[in-house]
Every structure is written in structure tokens, then in C-alpha cells.
Amino acid sequence: MARQPIVLNGIEFKSQKDAIEHFKNMLERYRNGQTIAGDDRDILLALLDRHPEADKKIGCGVKRLYKDRTDMPTSCFWIERTDGSRTDFSYRTAIYAKGKSLYQEFLEACRAIVEDDLRVTKKRYFEKCADQEGKVECDITGDKVAIYESHLDHKKPLTFQVIVNTFICANDIEIKPEMLLMFQDAQFQTTMIDQQLKDKFLQYHHKVAQLRVIKAEQNLSLGGSERIRKSRNPVLIPRELVGD
């Protein structure tokens, strides 16, 4: 059986060895205490999601990633959480991690169903609500953000994962591999095969989702401690996309 490549943030590594070499070189480029920034930060966050203890490592949310010393005479990647706590992060452990569970594949397929409509929704919102500089308010901080530095967020308590979970329960769905089209050549995202189920999820999502525009970095730092409050500027999905 051919080895499956590792795809992180749109970048494909043909083998674990190639991925290890990439992150080894990245680690060597930084000084101890230096924050990982730019594209390096983005791909390192994607790698963190593969870690078998990702939820525990991320905790209340990631404030920054950086390089620092370990207890041994070596250095590694570290996570500083939004509450100030820190933990180390082994890129090798993340690279060697097992593939996604069937539930994670289903979650990814659900994201693929709605992503085009969410892209249109975000674009329409900026066209309608942006100021002369093309910016709108971040729903959390009130700071002005441009479309390229913002994120369309599913507001708590109806996070995207909660929407998927309630959809599964409401429709008594037993997730099976044959429901999903997983890795193939030039396909980096799992998709759902059953068109009726796709349409049903799309309609359900559009009726219950509560959306807002926030700073991209706010999305990375959101954790379980965020208070639930009324959105300042709710983002509505265009009526023609919602359907009946």
C-alpha cells in the first residue's frame, strides 16, 4: 500500500522523513525565546492539530508558539496559552501521530459542505458593512479588521463541532467509512458522498449557525473560558443560500 503524504496547511510532505526535516530546519532557524511567526506559525499550528494530545496541549487557547530550552541540553517548540501557562510540543510526536478518526473525517466533510457558502457570506458582509478602508469591527475586541485578517466564527455555544454533533444525534447517524470520500490524488479534504445527506446538513447548518467576524488571532486563542454574550454584529447567511 502506497504511503499517504502528510498535508499541513496546504503543503504536502511525501513522507514522515520529509516532514521531520522541514520542522527540524524550522526549529534551528529560531533563537531560544523567539516567537514563531508568519507562515511558520501557521504550519506549526496545523501540525499541532495532529498531536495525539492536541486538546490537552492547546488547553484554553494558544497565545503564541516559540522555541525554548527543555530540561535536557536541547531546545524544542513551546506553547504559551492564553492564561499564561506553558507546555512543550514535540514535532516528531505530532508527525508520527495516527491518522484522523472516522469522526474527525466526518467533521472535515461537514466543513467542506459549508465552506463555499461561508466564503460568500463573509464577502457579502464586508461589501455591505465595511468602512471606507474596507474594514469591519471584530465582534470580540471592537478593533477594525480587513477581510484578509479576519475569521468568520461560529459563535458559542453553537460552535461548528456542536452543530455537527447535534446533527448526528438528531438524525441518528452512524458514521461509516463508505459515507466518505477520503484521501485521493490531489484531494486534500474529506468529502461526503451522499448528496441528500450533504443537502440536509447544509440546510441544518444555515438555520442554526450564529456567525460573527473576529480577528484571525482571536480565533486561535478562543478557549472554554470565553463568556457567552450577545453578538455586537451578527453575520447573516444570505437568504438565497438558506433555502426553505
About how many Å separate [atom2] of [Y] and [atom1] of [X], when rounded to the nearest 0.5 Å?
X: Q210; Y: L158; atom1: CD; atom2: CG; value: 5.0 Å
X: K123; Y: R119; atom1: NZ; atom2: CZ; value: 11.5 Å
X: I113; Y: L197; atom1: CD1; atom2: CG; value: 6.5 Å
X: T35; Y: L65; atom1: OG1; atom2: CG; value: 9.0 Å
X: R124; Y: L241; atom1: CZ; atom2: CG; value: 6.0 Å
X: H22; Y: I6; atom1: NE2; atom2: CD1; value: 11.5 Å

Got a sec: does the [atom1] of [X] have more than 12 other heavy atoms crowding it under 6.0 Å?
X: K200; atom1: NZ; value: no
X: D55; atom1: CG; value: no
X: E127; atom1: CD; value: yes

Side chains of [X] and [Y]: closer than 4.5 Å at any heavy-atom pair?
X: K144; Y: E137; answer: yes
X: T190; Y: R111; answer: no
X: L47; Y: I95; answer: yes
X: T159; Y: K156; answer: yes
X: Y125; Y: L152; answer: no
X: Q195; Y: D199; answer: yes
X: L45; Y: N9; answer: no
X: V213; Y: N233; answer: no

[X] to [Y] - nearest heavy-atom pair and separation:
X: C138; Y: V145; result: N-CG2, 4.3 Å
X: R41; Y: K63; result: NH2-O, 3.9 Å
X: I36; Y: K67; result: CD1-N, 4.2 Å
X: V136; Y: F126; result: CG2-CZ, 3.5 Å
X: K57; Y: H51; result: CE-CE1, 3.8 Å
X: F77; Y: M26; result: CZ-SD, 3.9 Å

Are any side-chain N or O atoms of [X] and backbone N or O atoms of [Y], one a donor and one an acceptor, separated by less than 3.5 Å?
X: D83; Y: S85; answer: yes
X: W78; Y: R64; answer: no
X: R232; Y: I140; answer: yes
X: K122; Y: S150; answer: yes
X: R50; Y: A94; answer: yes

What about [X] and [Y], same hydrophobic cluster or not, with Ile/Leu/Val/Met/Phe/Trp/Tyr joined at side-chain heavy-atom distances under 4.5 Å?
X: L8; Y: I58; value: yes
X: L236; Y: I147; value: no
X: V62; Y: I43; value: yes
X: F89; Y: Y66; value: no

Would you please test N165 and Y103 for side chain to side chain contact (heavy atoms under 4.5 Å, CB included) and show each step?
CA-CA 10 Å; N165 290 346; Y103 167 76; 2.7 Å; yes
Residues two or more places apart in sequence or in another chain: which of them pass salt bridge (Lys or Arg N to Asp or Glu O under 4.0 Å) with E178?
none
Derivation of the side chain to side chain contact (heavy atoms under 4.5 Å, CB included) call for D88 and T70
CA-CA 8 Å; D88 60 312; T70 65; 5.6 Å; no
Going by an N to O cut-off under 4.0 Å, is there a salt bridge joining K17 and E21?
no
Using 4.0 Å as the upper bound for N to carboxylate O, is an ion pair formed by D40 and R29?
yes
Report the C-alpha separation of T166 and Y204 in whole Å, then their side-chain angles, then the decisive distance to 0.1 Å, and conclude whether the side chain to side chain contact (heavy atoms under 4.5 Å, CB included) test is met.
CA-CA 10 Å; T166 54; Y204 177 76; 2.7 Å; yes
Given D153, D139, D143, the one that forms side-chain hydrogen bond (donor to acceptor under 3.5 Å, both in side chains) with K215
D143
Here's a test for you: under side-chain hydrogen bond (donor to acceptor under 3.5 Å, both in side chains), which of Q161, H205, R212 qualifies with H154?
H205
Would you please classify the geometry between the F13 ring and the F23 ring as parallel, tilted or perpendicular, with 30° and 60° separating the classes?
tilted
Using the six-membered ring wherever Trp is involved, compare the ring planes of F201 and F160 and label them parallel, tilted or perpendicular (cut-offs 30° and 60°).
perpendicular
If you apply the rule side chain to side chain contact (heavy atoms under 4.5 Å, CB included), what do you find for D194 with M179, and how did you get there?
CA-CA 7 Å; D194 188 328; M179 298 168 61; over 6 Å; no
For A37, what residues pass the side chain to side chain contact (heavy atoms under 4.5 Å, CB included) criterion, not counting sequence neighbours?
none
Decide yes or no on side chain to side chain donor-acceptor pair (under 3.5 Å) for Y30 and S75, but give the supporting numbers first.
CA-CA 10 Å; Y30 287 82; S75 298; over 6 Å; no
